[in-house]
Q: 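Sharing a structure with you now.
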Amino acid sequence: MKTDSLRRSYMITKCVTYFFLILGAIIMVFPFVWMILTSSKTVPESMQIPPTIFPKQIMADNFKDAIASLPFANLYWNTILMVLFRVLCAVLFSSMAGYAFAKLKFRGKNILFGIVLVQMSLPSQIFIIPQYQMVAKMGMANTIFALVFPGLVSAFGVFFLRQTYMSIPEEVGEAAYLDGCNQWQTFYKVMFPLTTTSVAALTIFTAVFAYGDLMWPLVVNSDLKMMTLSSGLSTLKGQFTTNFPVLMAGSILAMLPMVVLYLIFQRQFVEGIAGTGGK
Amino acid sequence: MKQKLTPAERREENWGWIMVAPTIIGLVVLNLWPFVQTLYASFCEHLGFGHYKFIGVQNYIDMFGNAEFWKATWNTVYFCILTVPVGVALALMIALLLNAKVKFKGGFRTIFFLPLVCAPAAVAMVWRWIFNGEYGILNQILGMKIQWITNPRTAILAVAIVSVWSSVGYDAVLLLAGLQNISKTLYEANSIDGAGKIRQFFTITLPMVSPTLFSVMIMRLMASMKIYDLIYMMADDTNPALVDMQSLMYLFYRSSFVAGDRGYGSAIVIWTVGLILLVTLIQFWGQKKWVTYDI
């Protein structure tokens, strides 16, 4: 009797769990599905009441219109370069500094690390006006360099990789040092290769953040040909106020690269971004 | 404390300086100096082309006397009230569901996490369509005619829904990691005592996960205080509800880069940072009452 009621309550718990998980999953996926379905409808069909669920035809016209009104080739290229350079800078400089802060003794270390902490705790908007003025003064507005500029160094990356290097036992470095490596060789031949998981996490985190950033690209690159996917897409809402099929097609084109990467590297993305603890 | 360094120690010190140099130079040029400049600019009038004239606290006087500014401050606080408690509670629920023995756990995790990798600009565009007053699918499902984005009373709510939808999976993954760290033996000992599931949640799960819960809340709060991109995408200059949905950071953007009043914009951003600091301090003070750190 007892086992029977236990089993029943177990089954009920299970059903309730799945019910809410599936409901949640539907809510999460629905906007994407609706975006894809709408992107193949004509404007009159998208405005039909009651709405059609599946488009009457599968067509690429809306994508053609989106590409005709936004220079997507440029946007992809700019976004790829921006993300690439930001990731390279973040990984290279943060690894170096993270290693030094974790493993080396030098005067001024605490004060210098204090600068890292101060930057981390301030929102990036507080730097934007002066950063923009620097870029403008250098005559570098509307360039790839301008897009990369605030991401040349990453305080968060330094903080994060310092923790990784601190978790590597001292003996590893000492052994390399006794083998005749100098500090630089110890760093890049022995220590750096041990941090690949963290470097991957930092790479993903930096890339996702840079990809989605909107305010900086809008401020610094006003030329449509020099925009990123995010800032370029945002100009589309002024062009097509009621043509939602084209807006959906544009949104798909803008989010596609990162979503594809995400679906390929799901585990690395989830664990990488969650592992960095966010910013 | 003046000690002669051995040659090896000296070399180590030099390497240390060389290796932190790019980062430190970068941070000073890109962040520390701009921070000082923003602080100074908040006491200046922008004359154009990056030239400033010192005018004392005039920007702050203007700001505190401006109804639009106070509205934006309230909107930001209101947005936090709408997103943080609900968002974190939903994230905890999802984490608890995922922590049970379920099939396709990885699949669910992937789905809930998906909005995070989508650019907010694209996400907001999709939701504009869902919220559309005439033809939006949400009104069709509800059988209503709510002007979600242009009605002053629902505009912020609409942005808050998108924000929670975007971030809930990420928060859930962080909380799930916290839940998985709770030792199973705690539950076993407890269930021998005959405690029910609900009591178990309040006596074991909640206290044990409270440090993670706290850090997720702080993070979500900071992000919500800085909300900008979703509002930029969902509001247009012609939106009648613009003043009712604009956040401090959106007002900062409009003042500094659309109106070009960079002194005033700097004052807004300084105020926002002060507000973030204040709210964070209150949270840290309040955590003593509910966060358990001892195991």
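Note on naming: letters A, B, ... go to the chains in the order of the sequence lines (proteins, then strands), and numbering restarts at 1 for each one.
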Q: I need the residue from A:Ile129, A:Val118, A:Thr38 with the largest number of non-hydrogen atom pairs under 4.5 Å to chain B.
A: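 That would be A:Ile129.
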Q: In terms of heavy-atom proximity below 4.5 Å to chain A, should B:Asn14 be classed as side chain, backbone, both, or neither?
A: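 Contact with chain A involves no heavy atom of B:Asn14 at all.
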Q: So what's closer than 4.5 Å to chain A heavy atoms on B:Ile24: side chain, backbone, both or neither?
A: side chain
Q: Just so I know, are the side chains of A:Phe32 and B:Cys118 near enough to count as touching, which here means a heavy-atom distance under 4.5 Å?
A: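 In short, these two side chains touch, coming nearer than 4.5 Å.
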Q: Do A:Met28 and B:Val168 come close enough that some side-chain heavy atom pair is under 4.5 Å?
A: yes
Q: Distance from B:Glu13 atom CD to A:Gln183 atom CD, nearest 0.5 Å?
A: 12.0 Å
Q: Counting only heavy atoms closer than 4.5 Å, note whether B:Lys103 contacts chain A via side chain, backbone, both or neither.
A: both
Q: By a 4.5 Å heavy-atom criterion (distance strictly below it), what part of A:Phe149 contacts chain B: side chain, backbone, both, or neither?
A: both
Q: Can you name the closest pair of heavy atoms from A:Leu247 and B:Met125 and give their distance?
A: CD2-CE, 3.8 Å
Q: Looking at chain B, which one of A:Lys237, A:Gln131, A:Lys14 has the largest number of heavy-atom pairs inside 4.5 Å, strictly under?
A: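 Of the options given, most contacts go to A:Lys237.
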Q: What's the spacing between A:Thr242 OG1 and B:Tyr135 OH if we round to 0.5 Å?
A: 8.0 Å
Q: Is the closest side-chain heavy-atom distance between B:Leu30 and A:Pro150 below 4.5 Å?
A: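 The answer is no, as the side chains (C-beta and beyond) never meet within the 4.5 Å cut-off.
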Q: Pick from A:Met35, A:Arg107, A:Lys105: which one has the most heavy-atom pairs with chain B under 4.5 Å?
A: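 Answer, by heavy-atom pair count under 4.5 Å with chain B: A:Arg107.
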Q: Sort A:Lys137 into side chain, backbone, both or neither according to what part of it lies under 4.5 angstrom from a heavy atom of chain B.
A: neither
Q: Return the CD1 to CG distance between A:Ile115 and B:Leu32, rounded to the nearest 0.5 Å.
A: 5.5 Å
Q: Would you name the heavy atoms of A:Val153 and B:Pro22 that are closest together and state the gap between them?
A: CG1-O, 3.6 Å
Q: Rounded to the nearest 0.5 Å, what separates atom CZ in B:Phe257 from atom CE in A:Met215?
A: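 Between B:Phe257 CZ and A:Met215 CE, I get 7.5 Å after rounding to 0.5 Å.
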Q: Less than 4.5 Å to any heavy atom of chain A: does that hold for the side chain of B:Tyr52, its backbone, both, or neither?
A: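 Contact with chain A involves the side chain of B:Tyr52 alone.
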Q: Under 4.5 Å from any heavy atom of chain B, what part of A:Gln133 do you find: side chain, backbone, both or neither?
A: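 It is the side chain, since no backbone atom gets that close.
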Q: Are B:Trp15 and A:Tyr188, when compared by the centres of their aromatic rings, separated by less than 6.0 Å?
A: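 No, ring centres 6.0 Å or more apart.
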Q: Do you know which two heavy atoms are closest between A:Thr17 and B:Ala100, and how far apart they sit?
A: CG2-CB, 4.4 Å
Q: Hey, what do you get for OG (A:Ser251) to CZ (B:Arg128), rounding to the nearest 0.5 Å?
A: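 Here the interatomic distance stands at 10.0 Å.
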Q: With a 4.5 angstrom heavy-atom cut-off, is it the side chain or the backbone of B:Glu12 that approaches chain A, or both, or neither?
A: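 B:Glu12 touches chain A through backbone and side-chain heavy atoms alike.
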Q: With a 4.5 angstrom heavy-atom cut-off, is it the side chain or the backbone of A:Gln266 that approaches chain B, or both, or neither?
A: side chain
Q: So for B:Tyr228, is it side chain, backbone, both, or neither that comes closer than 4.5 Å to the heavy atoms of chain A?
A: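 Side chain only.
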Q: Find the distance between CH2 (A:Trp184) and CD1 (B:Ile18) and round it off to the nearest 0.5 Å.
A: 9.5 Å
Q: Do you know the tightest heavy-atom contact between A:Ser230 and B:Ala121?
A: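 It is O-CB, 3.7 Å.
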Q: Could you tell me if the side chain of A:Phe106 sits less than 4.5 Å from the side chain of B:Met19, heavy atoms only?
A: no
Q: Could you label the plane-to-plane angle of the A:Phe244 and B:Trp129 rings as parallel, tilted or perpendicular, counting under 30° as parallel and over 60° as perpendicular?
A: parallel
Q: Please check if the side chain of A:Trp34 supplies one atom and the backbone of B:Val126 the other of a donor-acceptor pair under 3.5 Å.
A: no
Q: Do the non-hydrogen side-chain atoms of B:Phe112 and A:Leu21 ever get within less than 4.5 Å of each other?
A: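 When only atoms from C-beta onward are counted, A:Leu21 and B:Phe112 do touch, with a gap below 4.5 Å.
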Q: Around A:Phe30, counting heavy atoms of other residues, nucleotides and ligands shown, do more than 12 lie under 6.0 Å from its CZ?
A: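 Buried by this count: over 12 neighbours within 6.0 Å.
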Q: Given heavy-atom pairs under 4.5 angstrom as the criterion, report whether the side chain, backbone, both or neither of B:Leu97 touches chain A.
A: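 B:Leu97 touches chain A through backbone and side-chain heavy atoms alike.
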Q: Measure the shortest side-chain to side-chain distance between A:Ser94 and B:Thr23 over non-hydrogen atoms and say whether it is less than 4.5 angstrom.
A: no
Q: What part of A:Met47 gets within 4.5 angstrom of chain B, counting heavy atoms only: side chain, backbone, both, or neither?
A: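 Contact with chain B involves both backbone and side-chain atoms of A:Met47.
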Q: Quick one: of B:Val102, B:Ile130, B:Asp229, B:Leu96, who has the most non-hydrogen atom pairs under 4.5 Å with chain A?
A: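 Of B:Val102, B:Ile130, B:Asp229, B:Leu96, B:Val102 has the most heavy-atom pairs under 4.5 Å with chain A.
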Q: Considering only heavy atoms, which portion of A:Phe93 lies under 4.5 Å from any heavy atom of chain B: side chain, backbone, both, or neither?
A: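 Both backbone and side chain of A:Phe93 come within 4.5 Å of chain B.
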Q: Please classify the contact between A:Asn182 and chain B as side chain, backbone, both or neither, with a heavy-atom cut-off of under 4.5 Å.
A: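 The side chain, not the backbone.
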Q: Give a yes or no on whether the backbone of B:Thr110 and the side-chain of A:Tyr262 come within a donor-acceptor separation of less than 3.5 Å.
A: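 Indeed, once roles are kept as given, a pair shorter than 3.5 Å links the two residues.
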Q: Report which part of A:Ile22 has an atom under 4.5 Å of a heavy atom belonging to chain B: side chain, backbone, both, or neither.
A: both
Q: For B:Phe104, is the CZ atom crowded, meaning more than 12 foreign heavy atoms sit under 6.0 Å from it?
A: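 Atom CZ in B:Phe104 is not packed in, count stays at 12 or less.
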Q: Identify the heavy atoms of B:Val123 and A:Met255 that sit nearest to each other, and give their distance.
A: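 So the minimum-distance heavy-atom pair works out to N-CE, 4.3 Å.
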Q: Heavy-atom distances under 4.5 Å only: say whether B:Thr280 touches chain A with side chain, backbone, both or neither.
A: neither
Q: Between B:Tyr232 and chain A, with a heavy-atom cut-off of 4.5 Å, which part of the residue counts as in contact: side chain, backbone, both or neither?
A: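 Both backbone and side chain of B:Tyr232 come within 4.5 Å of chain A.
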Q: Counting heavy-atom pairs under 4.5 Å with chain B, which one of A:Leu256, A:Leu218, A:Leu236 comes out on top?
A: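 Option with the top pair count is A:Leu218.
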Q: Between A:Tyr211 and B:Val117, is there a side-chain heavy-atom distance shorter than 4.5 Å?
A: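 No; the side chains remain at least 4.5 Å from each other.
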Q: Counting only heavy atoms not in A:Ile53, do more than 12 fall under 6.0 Å of its CD1?
A: no
Q: Would you say that B:Pro34 contacts A:Met134 through its side chain, given a criterion of any heavy-atom pair below 4.5 Å between the two side chains?
A: yes
Q: Side chain, backbone, both or neither: which part of B:Phe35 has a non-hydrogen atom closer than 4.5 Å to chain A?
A: both
Q: Non-hydrogen atoms of chain B under 4.5 Å away: do they reach the side chain of A:Ser46, the backbone, both or neither?
A: both
Q: Heavy-atom cut-off 4.5 Å, strictly under: side chain, backbone, both or neither for B:Leu176 against chain A?
A: neither
Q: Counting only heavy atoms closer than 4.5 Å, note whether A:Phe269 contacts chain B via side chain, backbone, both or neither.
A: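 For A:Phe269, backbone and side chain are both near chain B.
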Q: I'd like to know which of A:Val208, A:Leu233, A:Leu152, A:Leu261 tops the heavy-atom pair count under 4.5 Å against chain B.
A: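 If we count pairs closer than 4.5 Å to chain B, A:Leu233 comes out on top.
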Q: Give the minimum heavy-atom separation between A:Pro123 and B:Lys226, together with the two atoms involved.
A: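 A:Pro123 and B:Lys226 have their closest heavy atoms at CB-CD, 3.2 Å.
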Q: Taking atom CG of A:Leu178 as the centre, does the number of heavy atoms from other residues, nucleotides or ligands within less than 6.0 Å exceed 12?
A: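 More than 12 within 6.0 Å, yes.
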Q: Treating B:Thr38 as the side-chain partner and A:Ile126 as the backbone partner, does any N or O pair qualify as donor plus acceptor under 3.5 Å?
A: yes
Q: Could you have a look at B:Val28, B:Leu114, B:Val273, B:Thr272 and say which one has the most heavy-atom pairs with chain A under 4.5 angstrom?
A: B:Leu114
Q: Return the option, out of B:Val20, B:Ile111, B:Asn31, with the maximum number of heavy-atom pairs under 4.5 Å with chain A.
A: B:Asn31
